[in-house]
Amino acid sequence: MDNSNVWIEGMRISAVRKGLAKSTTDAMNRKITDHDWSYDFGKLYELICPPDQMIGRSSLFGSRPPANDSIWNLARAHGFEVFLFDRNAANKEKQVDVAISTQIMEDSFQHMKDGDRLLLVSGDRDYLPTIESLRNRGFPARVAFWEHATGNELKQAPIDYIPLDPAFDYITRTSEVDE
């Protein structure tokens, strides 16, 4: 799961909903986000990891957060391994996508067995070669991410695509959830 991408693209959807941008494309082009928006990690987890399904290794990747950011502890409490990376001098996220792909490939050889499948929470087309490699070895993939930020190739069979957009209100963090 790529935390930064879930959060950034969710902020764009929120900006559109609040009328700050005409569309997610407009929000991307003009670099508009709703910095007040955040998501509830527990609700996203419930959505993508139903209780009736066996969950294997789970990992949350992202940029090093502020010290008071609680999502990382919540992820650990849900059994996720957390991988944090420093941003570069231009404040750009680096290493995350490659780290996710590397872990997926390592896990596919070390931990996955017949009947297992990948659940990727990110929509970057850069993951397509990794997904295709797993599929060629008999491991299907499910991708869950925002509609506007998911590459078209990741929305097509044989990949099982789940858009997060219909659950936007459900996973949006509300003041009752905040401390």
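As the structure is a computational prediction, the values presented were derived from the model and not from experiment.
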Would you check if the distance from the ring center of Trp37 to the ring center of Phe168 is below 6.0 Å? yes

Atom CD of Glu147 and atom CG of Leu164: how far apart are they, to the nearest 0.5 Å? 10.0 Å

Is it true that Ser58 and Glu81 share a donor-acceptor pair across their side chains at a distance under 3.5 Å? no

Decide side-chain hydrogen bond (donor to acceptor under 3.5 Å, both in side chains) for Asn152 and Tyr161; before the verdict, give the C-alpha distance in whole Å, the side-chain angles of both, and the deciding distance to 0.1 Å. CA-CA 10 Å; Asn152 288 331; Tyr161 173 65; over 6 Å; no

With sequence neighbours excluded, what pairs up with Arg117 under the salt bridge (charged side-chain N to carboxylate O under 4.0 Å, His left out) test? Asp160

To check you understand the geometry: which heavy-atom pair defines the closest contact between Ser59 and Phe83, and what is its length? OG-CE1, 3.7 Å

Give the minimum heavy-atom separation between Trp146 and Gly10, together with the two atoms involved. NE1-N, 3.5 Å

Considering only NZ, NE, NH1 and NH2 on the basic side and carboxylate oxygens on the acidic side, decide whether Lys43 and Asp169 come within less than 4.0 Å. no

Is the closest side-chain heavy-atom distance between Arg12 and Val16 below 4.5 Å? no

Establish whether Ile100 and Leu60 are linked, either directly or via other cluster members, by ILVMFWY side-chain heavy-atom contacts under 4.5 Å. no

Surrounding CZ of Arg125 (heavy atoms of other residues, nucleotides or ligands, distance under 6.0 Å), is the total greater than 12? no

For the residue pair Lys18 and Asp36, establish whether any side-chain heavy-atom pair is separated by less than 4.5 Å. yes

Is it the case that more than 12 heavy atoms not belonging to Asp52 sit under 6.0 Å from its CG atom? yes

Using the rule that Ile, Leu, Val, Met, Phe, Trp and Tyr join whenever any side-chain heavy atoms are under 4.5 Å apart, tell me whether Tyr127 and Phe145 fall into a single cluster. no

Is Arg173 close enough and on-axis enough to Phe41, meaning under 6.0 Å and within 45°, for cation-pi? no

Measure across Met1 and Tyr39 and return the closest heavy-atom pair with its distance rounded to 0.1 Å. CE-OH, 3.2 Å

Going by atom type alone, with no hydrogens or angles, which donor-acceptor pairs under 3.5 Å involve a side-chain atom of residues 20-28 and a protein atom two or more places apart or on another chain?
residue, atom, partner, partner atom, Å
Ser23, OG, Thr25, N, 3.4
Ser23, OG, Asp26, N, 3.0
Asp26, OD1, Arg30, NE, 2.8
Asp26, OD2, Lys22, N, 2.8
Asp26, OD2, Arg30, NE, 3.4
Asp26, OD2, Arg30, NH2, 3.1

Going from OG1 on Thr150 to CG on Asp124, what distance comes out if it is rounded to the nearest 0.5 angstrom? 9.5 Å

Just how far is it from atom OG1 of Thr130 to atom CD1 of Ile104, taken to the nearest 0.5 Å? 6.0 Å

Can you say whether the rings of Phe61 and Phe85 are parallel (under 30°), tilted (30 to 60°) or perpendicular (over 60°)? parallel

Roughly how far apart are Glu9 CD and Asp2 CG, rounded to 0.5 Å? 10.0 Å

Run the numbers on Leu119 and Cys49 for side chain to side chain contact (heavy atoms under 4.5 Å, CB included), then give the verdict. CA-CA 9 Å; Leu119 170 59; Cys49 302; 4.2 Å; yes

Taking every heavy atom of Glu153 against every heavy atom of Ile159, the minimum-distance pair comes out as O-CD1, 3.7 Å

With rounding to the nearest 0.5 angstrom, report the CD to CG distance, Glu132 to Leu128. 4.0 Å

Given side chains that start at C-beta, do those of Arg135 and Pro140 come closer than 4.5 Å, heavy atoms only? no

Please walk me through it: do Arg57 and Gln103 pass side chain to side chain contact (heavy atoms under 4.5 Å, CB included)? CA-CA 10 Å; Arg57 184 175 188 190; Gln103 185 186 67; 2.9 Å; yes

Transitively linked via ILVMFWY side-chain contacts under 4.5 Å: Ile13 with Ile32? no

Starting at OH of Tyr170, measure out to CG of Asp40 and round the result to the nearest 0.5 Å. 7.5 Å

Report whether Phe139 and Ile131 are members of the same hydrophobic cluster (ILVMFWY, side-chain heavy atoms less than 4.5 Å apart, transitive linking). yes

What closest approach, in Å, do Ser122 and Val143 show between heavy atoms, and which atom pair accounts for it? O-CG1, 3.3 Å

Is Ile48 linked to Phe80 within one hydrophobic cluster, defined over Ile, Leu, Val, Met, Phe, Trp and Tyr using a side-chain heavy-atom separation of less than 4.5 Å? yes

Minimum heavy-atom distance Ala167-Leu47, with the two atoms named: CB-CD2, 3.5 Å

